[in-house]
Each structure stands twice: as C-alpha cells, then as structure tokens.
Number of protein chains: 2
Amino acid sequence: MSQTWTISDLSREFGVTPRTIRFYEDENLLTPAREGQNRIYSARDRARLAWILRGRRVGFSLAEITEMLDLYDLDDGRETQRQVTLEKCRDRLAALENQRADLDATIDELAGFCRLLEELKAGVPLEEIRRKHHAKLRSVAE
Amino acid sequence: MSQTWTISDLSREFGVTPRTIRFYEDENLLTPAREGQNRIYSARDRARLAWILRGRRVGFSLAEITEMLDLYDLDDGRETQRQVTLEKCRDRLAALENQRADLDATIDELAGFCRLLEELKAGVPLEEIRRKHHAKLRSVAE
DNA sequence: AATGACCTTGACGTTTACGTAAAGGTAAAC
DNA sequence: GTTTACCTTTACGTAAACGTCAAGGTCATT
C-alpha cells in the first residue's frame with residue numbers, strides 16, 4: 001500500500017545520478033529493500049535522501065551527514081546513549097549556528113557590494129557612496 | 001608604515017598551514033609582495049584570506065570563492081562590465097539565500113530533535129511528545 | 001529473436017584541496 | 001661556526017565524492 005520508488009525515480013526527482021544514490025548506499029547512508037536484484041526505495045529512504053542532499057547543499061561532508069543521521073538512528077533508548085546523543089546534537093547545532101553567522105556575514109557583504117554597484121550605475125557620486133559604505137568592504141576589494 | 005605579516009603569522013592567526021596559504025597563491029587567490037624570496041602579506045591580503053576562509057567554512061569551493069572575489073576585482077569601471085558584475089552578484093546572492101533557507105531548515109529539524117531528546121530525558125510520556133513533534137521528523141528517523 | 005529501456009556489479013579514472021616529504025637558502029642565537 | 005628557526009620551491013601522495021566505462025541480467029515491444 002505504501003508508495004515505493006525505483007532508483008531512476010529518485011534520480012529524476014532529486015536531480016542526481018543513480019551512481020550517486022548507489023554511492024550513498026555503499027557508504028551506508030541508505031539501505032533500500034530489494035526486489036530480486038533491483039533496489040526499492042521506501043518513503044523513509046526517500047526522506048533520508050532528501051536530508052542527505054540538503055546537507056550536501058549546505059556544505060557538509062558525507063561523514064558529517066552520516067553522523068547527523070546517526071543521531072536519529074543510534075538512539076537505542078538507553079539512558080546513557082541518549083545523553084551522548086543529546087550532547088552531540090547540541091554540538092552540531094552550535095556549529096550550524098556559527099555557520100549561519102558566517103553565511104549571514106557573506107550575504108551582507110555581497111548585498112552591500114551589490115548596492116554599491118547599483119548606486120554607481122545610477123550615477124551617484126563616489127564621494128557620497130564612500131560615506132555610506134564602510135571600509136571593511138574596501139579592505140578586501142582594494 | 002602599514003602593517004604587514006609573514007606567512008606563519010597568518011598561519012597562526014587563522015589556524016591554517018602555510019601550505020594552504022601558498023596553495024591559495026598558486027590558485028591566484030592571493031598575490032602577496034616579496035621581500036627577497038619571502039612573502040609579505042598586506043592588510044588587503046589578510047582581509048582576502050579571511051574572506052576565503054569564511055567562504056570555505058560556509059561550504060564554497062575555491063572556484064566559487066574565486067568567482068566571488070573576482071566580482072570585487074574585475075569591475076574595471078566600464079559600463080557593460082559593471083552590468084555583468086551586478087548580474088553575477090545578484091545570482092550569487094540568490095544562491096546564498098537559498099543556502100540560508102536550507103541551513104535554517106536543517107537547524108530547525110535538529111533543534112526539534114534536540115527538544116525531543118530533552119523531553120524524553122525529563123520523562124515526558126511518548127504520547128504527548130508525539131502530539132507536539134510533527135511527522136516530518138519521524139519520516140527520516142523511522 | 002532482437003531492439004530498447006531499464007536495472008545490476010565491479011573497477012578504474014578524475015577533480016578538489018590540500019598533506020607530506022625532499023632539498024635547500026637565510027639569518028639570528030649560542 | 002653550527003645549531004635553530006624560519007622561509008623557499010618542486011613534486012609526489014591522498015581522501016572525498018563521485019564519473020565513466022565495461023560486461024551483463026531482465027523484461028516489454030516490435
């Protein structure tokens with residue numbers, strides 16, 4: 001009753017090659033069922049693939065993604081195990097928030113440079129622009 | 001009069017090896033001055049290195065970082081050139097904001113899982129937790 | 001029965017981003 | 001004057017994340 005997908009279904013849907021999907025299986029990130037020789041992907045497999053690819057877009061290595069997915073899986077209910085998971089989870093979260101700060105800073109600078117270009121195009125005199133844009137940007141640009 | 005740095009100064013300050021810094025020079029990301037054989041880094045070089053490393057933390061390839069730095073440099077003042085730069089700048093900015101959305105989603109999910117673990121530890125009954133945490137998370141976890 | 005469209009498992013190739021010697025130049029410290 | 005502590009270039013090595021054949025199995029058309 002529950003929906004399943006073939007490897008090329010997922011390949012098309014997520015815009016990655018079958019090779020990539022098989023590679024993730026080799027790395028134990030996915031464990032699809034089999035129908036004879038062929039791989040059959042469940043909703044859970046599909047969700048995990050989505051998670052992996054988003055992690056990839058954010059810049060994580062597969063090792064890091066593995067670790068994060070393991071956080072969900074590895075929690076076997078034992079009290080001590082759960083404590084470890086929680087700590088790792090918090091560490092990861094802190095790292096992610098640092099990364100967001102870096103990303104925000106990058107966005108701010110690029111947006112600022114974008115505005116500068118727009119003002120130049122609009123014929124705003126350089127002197128006036130200089131007053132509005134801080135030296136930080138210029139230290140990189142020149 | 002203006003301050004300069006040696007390669008190991010920057011190496012220590014930013015926590016990367018000299019090899020890495022030389023590699024960035026090979027890739028034309030840095031062009032330090034020379035004092036005899038030795039490299040001398042200006043404030044601009046240092047700022048560029050900081051930019052590169054932040055880009056790296058955010059998950060960019062050196063090729064992407066190169067392109068973004070080129071946006072600052074390549075704008076030679078010609079009108080058409082500036083238009084191209086502006087467009088590329090906007091494209092980059094859009095990509096960055098997509099990445100930010102991905103990052104936010106990742107943070108949200110991990111934070112949610114973190115809260116779940118905390119509630120489990122606090123002895124909140126599973127039934128109640130299930131009502132508060134949506135199915136999206138569980139589709140990945142199980 | 002053969003063409004085409006899928007799927008499979010190897011296995012070697014490739015790019016990126018450096019690591020890691022190897023071999024040597026310079027300059028202050030002992 | 002030689003150890004120590006830097007710096008340099010050249011060059012081969014490597015881990016990650018797949019790409020790219022190669023060789024073959026299955027199943028529906030034609």
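Throughout, a chain's letter reflects where its sequence line sits, starting with A, and its residues are numbered from 1.
- The distance from atom CD of B/Glu64 to atom C1' of C/dT16 is 12 Å, rounded to the nearest whole Å.
- A donor-acceptor contact closer than 3.5 angstrom links the side chains of B/Thr20 and B/Thr17.
- Under 4.0 angstrom from either OP1 or OP2 of D/dT20 there lies no side-chain N or O belonging to A/Arg22.
- The separation between A/Ile7 atom CD1 and D/dC18 atom C1' is 13 Å, rounded to whole Å.
- Here C/dA5 presents its P atom at 13 Å from CZ of A/Arg12, a figure rounded to the nearest Å.
- The aromatic rings of B/Trp51 and B/Tyr72 lie perpendicular to each other, with more than 60° between the two planes, well past the 30° mark.
- Look at CD on A/Glu35: it is 12 Å from C1' on D/dT26, rounded to the nearest Å.
- Taking 4.5 Å as the limit, some side-chain heavy atom of A/Ser42 sits within range of a side-chain heavy atom of A/Asp45.
- Residue A/Arg56 comes nearest to A/Ile65 through the heavy atom pair N-CD1, 3.7 Å, listed as atom of the first residue, atom of the second, then distance.
- Taking 4.0 Å as the cut-off between side-chain N and carboxylate O, A/Arg92 and B/Glu109 do not count as a salt-bridged pair.
- Rounded to an integer number of Å, the gap from B/Gln37 CD to D/dT9 P is 6 Å.
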Under 3.5 Å, which protein N or O atoms sit close to an N or O of nucleotides 17-22 of chain C? Give each pair with its distance.
residue, atom, partner, partner atom, Å
C/dA17, OP1, B/Leu62, N, 2.7
C/dC18, OP1, B/Arg56, NH1, 2.8
C/dC18, OP2, B/Tyr24, OH, 2.7
C/dG19, OP2, B/Thr17, OG1, 2.7
C/dG19, OP2, B/Thr20, OG1, 3.3
C/dG19, N7, B/Arg19, NE, 3.2
C/dG19, O6, B/Arg19, NH2, 3.1
C/dT20, O4, B/Arg19, NE, 3.0

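- Between B/Ile52 and B/Tyr24, the shortest heavy-atom contact is CG2-CE1, 3.8 Å.
- Here D/dT9 presents its C1' atom at 17 Å from CD1 of B/Ile21, a figure rounded to the nearest Å.
- Note on B/Val84: it does not cluster hydrophobically with B/Leu93, by side-chain heavy-atom contacts below 4.5 Å among ILVMFWY residues.
- Distance CG (A/Leu30) to P (D/dC18): 12 Å, rounded to an integer number of Å.
- Using a 4.0 Å cut-off, no side-chain N or O of B/Thr6 falls inside it from OP1 or OP2 of D/dC6.
- If you measure from atom CG of B/Asn38 to atom P of C/dA27, you get 9 Å, rounded to the nearest angstrom.
- Side-chain N/O atoms of B/Arg39 include none lying less than 4.0 angstrom from OP1 or OP2 on D/dC7.
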